[in-house]
Amino acid sequence: MEPSVLQYLKLFLLLVLVGVTATRVPHQDLPVSLGTLSLDGHFSFHDLSAAARDFGNLSSFMPAAVLHPGSVDDIVKIVRHVFLMGERSMLTVAARGHGHSLRGQSQAARGIVIKMESLQSVRMQVHSGTSPYVDASGGELWINVLHETLKYGLAPKSWTDYLHLTIGGTLSNAGVSGQAFRHGPQISNVNELDIVTGRGDIITCSPEQNSDLFHAVLGGLGQFGIITRARIALDRAPKMDRHPEQLEIIVQPTGSLWASHFESDGIVLFCLEMAKNYNPEEAENMEQEVKNILTQLRYIPGSLFHTDVTYIEFLDRVHSSEVKLRAKGMWEVPHPWLNLLIPRSSIHKFAREVFGKILKDSSSGPILLYPVTKLRWDNRTSVVVPDEEVFYLVAFLSSALSSSGPHSIEGTLSLNKRILEYSDKASIRAKQYLPNYNSKQEWKAHYEARWETFQRRKNAYDPFAILAPGQRIFQKASLTLYS
Ligand SMILES: Cc1cc2nc3c(=O)[nH]c(=O)nc-3n(C[C@H](O)[C@H](O)[C@H](O)COP(=O)(O)OP(=O)(O)OC[C@H]3O[C@@H](n4cnc5c(N)ncnc54)[C@H](O)[C@@H]3O)c2cc1C
Ligand SMILES: *[C@@H]1O[C@H](CO)[C@@H](O)[C@H](O)[C@H]1NC(C)=O
Ligand SMILES: *[C@@H]1O[C@H](CO)[C@@H](O)[C@H](O)[C@H]1NC(C)=O
């Protein structure tokens with residue numbers, strides 16, 4: 001199989017679900033001094049419950065207020081004000097993208113949640129030319145970036161599976177999908193950022209300018225600053241300007257076949273999803289290329305099928321599932337997801353035990369696997385990945401649809417725990433993606449040798465630990481909430 005020909009690979013498996021902890025903290029009014037600041041936008045003190053929710057539906061922390069910023073300057077003013085209140089103030093600040101975190105990471109108990117999507121003052125600007133890019137707000141949804149750039153026949157190079165996520169939110173993690181093996185994660189496809197640090201300074205940074213801050217923020221879990229603008233590298237969207245019917249092929253076995261085989265034989269079946277970008281006039285070549293690839297694969301012949309869809313339909317495919325799940329009331333349910341990065345040397349061992357044994361009889365959602373090459377990851381960023389040339393993102397995307405049993409929150413969380421315990425015991429050397437830990441000890445273990453750097457950067461850019469408290473890495477001196 002030639003990776004150069006595949007736009008991306010996915011192996012679907014079976015899976016499981018998880019647990020909920022809702023913590024309510026009493027509402028507390030903001031210090032009067034904040035009300036004296038003149039803003040382009042406004043604070044809201046009512047309807048705070050939306051800011052105390054996220055996609056995970058497992059954690060809920062009520063903020064004191066939600067800021068709807070009318071400008072970048074609003075964000076600067078508020079963060080600087082909170083910084084100047086000093087270490088002893090209890091206030092923290094969380095940037096909230098689309099709130100698609102899993103464990104309260106974009107929430108701020110009794111703090112200020114900044115609704116980044118309200119930041120309309122940074123208008124998207126597409127620059128075509130030899131190295132095209134788009135400047136966009138940190139609160140912009142990737143789906144909007146796609147629509148805007150396609151007007152110029154351009155598109156970002158690296159994606160997430162789902163586009164109703166914000167630039168700031170995915171860049172704070174990494175942004176991984178089927179294109180990452182070729183182009184690297186989204187954090188490897190950014191040229192420049194504007195950051196409001198935890199001191200309330202606004203700083204433009206890039207690999208050449210203020211590079212330490214630039215790398216800190218990428219994969220930095222919101223710990224070092226708020227991304228207000230990002231310059232995203234673009235590529236030609238395969239002739240989309242000339243051929244609006246840009247097409248894709250997706251090859252995968254049918255769900256029913258897949259399910260019946262899984263149950264009857266008790267063996268683990270992998271579904272390989274393959275996508276090929278092409279333009280209509282290249283259709284014949286594409287067919288030949290796909291045939292060539294298929295001759296190199298072993299698969300159940302009757303399970304093969306393909307669909308032709310437009311480039312947008314392909315990239316936005318998860319949204320169509322969202323619409324269907326919403327209609328059935330199956331979207332706003334607890335999502336005890338677990339995402340792991342597994343080094344290639346232990347992926348077989350991991351698969352045998354986890355797919356073959358631990359999850360043998362459970363299926364509470366899809367499991368996705370993506371191979372990625374380390375080559376495209378920059379080790380100066382904050383994200384940690386396994387120390388091997390090739391590793392896999394293994395995403396256990398569970399929905400807790402029942403209130404008891406293996407598909408309940410508790411059932412899934414306990415399976416997740418077994419997977420993590422097994423990985424530790426068997427020296428799989430896995431790293432969590434979208435990491436979730438509760439103690440500093442665990443965070444240190446996560447960052448290993450990188451912890452010193454992570455801590456140094458925190459002291460430099462957010463010394464009072466004001467930002468993104470929901471990650472539970474650092475705690476403001478005045479708070480004992482999470483300890
Ligand atoms: C259905 C679904 C599919 C997904 N698919 C993928 C996928 O394919 N690949 C992948 O990599 N991830 C995927 N994710 C995970 C996604 O990257 C995270 O949920 C991430 O948190 C982005 O969500 P968000 O934009 O809503 O950010 P939020 O959840 O709102 O924020 C995430 C963190 O970043 C901080 N933050 C938010 N905005 C900013 C900003 N402007 N500046 C600084 N910090 C900020 C927040 O404080 C918080 O700590 C998926 C999530 C869901 C729910
Ligand atoms: C989970 O979602 C339901 C429905 O939207 C909501 O009522 C509940 O408060 C949420 N729980 C948490 C912990 O966020
Ligand atoms: C990053 O990788 C380079 C090249 O392999 C290495 O020399 C350097 O020490 C690494 N830096 C960090 C911070 O790990």
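We use all heavy atoms of the structure for the numbers below, so side chains are in, but hydrogens, waters and symmetry mates are not. Both ligands and their constituent atoms are indexed starting at 1 by order of listing. All of these numbers come straight from a predicted model, not from anything done at the bench.
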Charged N-O contact under 4.0 Å between [X] and [Y]:
X      : Y      : result
Arg53  : Glu332 : no
Arg229 : Asp135 : yes
Glu448 : Lys431 : yes
Lys374 : Asp387 : yes
Arg380 : Asp378 : yes

- [ ] Go through the steps to decide whether Glu148 and Arg123 satisfy the test salt bridge (charged side-chain N to carboxylate O under 4.0 Å, His left out), and finish with yes or no.
- [x] CA-CA 11 Å; Glu148 185 63 23; Arg123 295 242 162 268; over 6 Å; no

Checklist entry - If you measure from CG on Leu338 to CG on Leu397, what distance do you get to the nearest 0.5 Å? => result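 Atom-to-atom, Leu338:CG and Leu397:CG are 9.5 Å apart.
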
Ligand 2 atoms nearer than 4.0 angstrom to some heavy atom of Glu332 are 5 (O)

Could you list, one pair per line, each nitrogen or oxygen of ligand 1 together with any protein nitrogen or oxygen closer than 3.5 Å, giving atom names and the distance rounded to 0.1 Å?
unit_1, atom_1, unit_2, atom_2, d
ligand 1, 8 (O), Asp161, N, 2.7
ligand 1, 8 (O), Val176, O, 3.3
ligand 1, 9 (N), Val176, O, 2.7
ligand 1, 11 (O), Val176, N, 2.8
ligand 1, 11 (O), Tyr433, OH, 2.6
ligand 1, 19 (O), His100, O, 2.7
ligand 1, 25 (O), Thr166, N, 2.8
ligand 1, 25 (O), Thr166, OG1, 2.7
ligand 1, 26 (O), His98, N, 2.8
ligand 1, 26 (O), Gly99, N, 3.0
ligand 1, 26 (O), His100, N, 2.8
ligand 1, 29 (O), His100, N, 3.3
ligand 1, 29 (O), Ser101, N, 2.9
ligand 1, 29 (O), Ser101, OG, 2.6
ligand 1, 30 (O), Gly97, N, 2.6
ligand 1, 30 (O), Gly99, N, 3.1
ligand 1, 41 (N), Ile227, O, 3.0
ligand 1, 42 (N), Ile227, N, 2.8
ligand 1, 44 (N), Ser172, OG, 3.2
ligand 1, 47 (O), Ala95, O, 2.7
ligand 1, 49 (O), Gln105, O, 2.9
ligand 1, 49 (O), Gln471, NE2, 2.9

Applying side chain to side chain contact (heavy atoms under 4.5 Å, CB included) to Thr166 and not counting sequence neighbours gives His98, Glu117, Leu141

- [ ] May I have the step-by-step check of salt bridge (charged side-chain N to carboxylate O under 4.0 Å, His left out) for Asp462 and Arg457, ending in yes or no?
- [x] CA-CA 8 Å; Asp462 181 24; Arg457 286 168 165 173; over 6 Å; no

Table of N or O contacts for ligand 3, cutoff 3.5 Å:
unit_1, atom_1, unit_2, atom_2, d
ligand 3, 2 (O), Asn379, ND2, 2.3
ligand 3, 11 (N), Asn379, ND2, 3.0
ligand 3, 14 (O), Asn379, ND2, 3.3

Residues 213-228 vs side-chain hydrogen bond (donor to acceptor under 3.5 Å, both in side chains), sequence neighbours excluded, gives Gln223-Lys458

